[in-house]
Undergrad: 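Quick one: this structure, given as structure tokens, is what I'll be asking you about.
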Number of protein chains: 2
Amino acid sequence: MLKTELFTEKQQQLAQLARALSHPARIAILAYLAQSSSCISGDISNEIPLSRTTVSQHLTELKKLGFISGTVEGVKVNYCLDNARLQQIKSELDVFFNSLLANPNPQCNL
Amino acid sequence: MLKTELFTEKQQQLAQLARALSHPARIAILAYLAQSSSCISGDISNEIPLSRTTVSQHLTELKKLGFISGTVEGVKVNYCLDNARLQQIKSELDVFFNSLLANPNPQCNL
DNA sequence: AAATTATGTCGTATGTTTGCGACATAAAAT
DNA sequence: ATTTTATGTCGCAAACATACGACATAATTT
């Protein structure tokens, strides 16, 4: 029943990036990683009011789209924001919004 | 089973904005409105490979978050991007990404 | 080698989204 | 007044997302 394949690659890609940000837990995880000084791993579960399992799944989704990386360090995993990738995503969103705002339609916003 | 209420207003708000962009049909609709010269209404259904019903629902979602406005004009409805609101949304996303990128963690990206 | 600690994956229940046909409404044309 | 045209809403089915307990794995510690 899903018809996403009927749209362009670019459209699907943008939609996927947006989807990654479409849950407050994932926003919270990104914000936490940004302010934590030490790439803390599963302690994230303690900072987020959800079970470890659920946090782990959200981390997996963020990893899938490249927002974060997780490097194994013995028994622990250090999760980090991927700053280069974030910069790139930010810029893709920017390009999209700029394209929306580029040609204001004279018949609109009268 | 949903626990979105456990997160901050700001986090929920951002997640909702992102959710509005999380389907390629909605991206396509925004892109179409940006390049169409005449605020065309339900002709959008003809430009998007989905039924009129489904397009109407996507339009409703975009309206709910303020991305677009729909003004009745006789039998037709003129859909328009809300440029001021788009600018605002763009800036909210920007602020969020900047907050993520502001304090690069020295333990990451080594 | 057994216990501990940190993580990840599986199964599953419940909730949400997507997509569309069928029906409802309401302005405009005949 | 009836028909046509443009839209919107309802109700349902299929797909997807969210959440978590229970089990699996694998590096450290004892």
Undergrad: Between C1' on C:dT18 and CD1 on B:I27, what's the gap in Å once rounded to a whole number?
TA: 16 Å
Undergrad: On the nucleotide D:dG21, are OP1 or OP2 found under 4.0 Å from the side-chain N or O atoms that A:T53 carries?
TA: no
Undergrad: Between B:P49 and A:K63, name the one whose nearest nucleotide on DNA chain C is closer to the 5' end.
TA: A:K63
Undergrad: Take A:T8 and A:Q11 through the test side chain to side chain donor-acceptor pair (under 3.5 Å) and record every step on the way to the result.
TA: CA-CA 5 Å; A:T8 70; A:Q11 288 165 342; 3.3 Å; yes
Undergrad: Given C:dC20, D:dC20, D:dT18, identify the nucleotide with an atom nearest to the side chain of A:L50.
TA: D:dC20
Undergrad: With heavy atoms under 4.0 Å as the rule, sort B:E61 into base, sugar-phosphate or nothing.
TA: sugar-phosphate
Undergrad: Starting from the 5' end of DNA chain D, give me the residue, A:G74 or B:R52, whose nearest nucleotide shows up first.
TA: B:R52
Undergrad: Is A:L101 reachable from A:L14 through a run of I, L, V, M, F, W or Y residues, each pair having side-chain heavy atoms under 4.5 Å apart?
TA: yes
Undergrad: B:R26 side chain N/O closer than 4.0 Å to the phosphate oxygens (OP1, OP2) of C:dT18?
TA: yes
Undergrad: Distance check needed: C:dT5 P versus A:N46 CG, whole Å only.
TA: 14 Å
Undergrad: Would you say A:Y79 reaches C:dA6's phosphate, i.e. side-chain N/O to OP1/OP2 under 4.0 Å?
TA: no
Undergrad: Check this for me: does the side-chain of B:S51 come within 3.5 Å of the base of C:dG19 through a donor and an acceptor?
TA: no
Undergrad: Among side-chain atoms of A:S51 and A:T54, is any donor-acceptor pair under 3.5 angstrom?
TA: yes
Undergrad: Can you get from B:L100 to B:V95 by hopping between Ile, Leu, Val, Met, Phe, Trp and Tyr side chains that sit under 4.5 Å apart?
TA: no
Undergrad: Taking atom P of D:dT18 as reference, at what distance in whole Å does atom CD1 of A:I29 sit?
TA: 11 Å
Undergrad: Any side-chain N or O of B:R19 less than 4.0 Å from the OP1 or OP2 oxygen of C:dT17?
TA: yes
Undergrad: State which of C:dG8, D:dA19, D:dT28 makes the closest approach to the side chain of A:H58.
TA: D:dA19
Undergrad: To the nearest Å, how far apart are A:Q12 CD and D:dC16 C1'?
TA: 16 Å
Undergrad: Provide, to the nearest angstrom, the distance between the CG atom belonging to B:L21 and the P atom belonging to C:dT17.
TA: 15 Å
Undergrad: Quick check on DNA chain D: between B:S56 and A:V72, whose nearest nucleotide comes earlier from the 5' end?
TA: B:S56
Undergrad: Mind checking whether B:H58 and B:H23 have parallel, tilted or perpendicular rings, split at 30° and 60°?
TA: tilted
Undergrad: Examine the base of D:dA17 for any acceptor or donor lying under 3.5 Å from a partner atom in the side chain of A:Q57, and report the outcome as yes or no.
TA: no
Undergrad: Looking at D:dC20, I'd like to know if its phosphate oxygens (OP1 or OP2) sit under 4.0 Å from a side-chain N or O belonging to A:T54.
TA: yes
Undergrad: CG of B:L65 versus P of C:dT17: gap in Å, rounded?
TA: 11 Å
Undergrad: Return no unless some side-chain N or O of B:H23 is found under 4.0 Å from OP1 or OP2 of C:dG19.
TA: yes
Undergrad: Grab the CD1-C1' distance between A:I48 and D:dC20 for me, whole Å please.
TA: 16 Å
Undergrad: Is it true that atom CG of B:D94 has more than 12 heavy atoms of other residues, nucleotides or ligands lying nearer than 6.0 Å?
TA: yes
Undergrad: Over how many whole Å does the gap from B:E73 atom CD to D:dT5 atom C1' extend?
TA: 16 Å
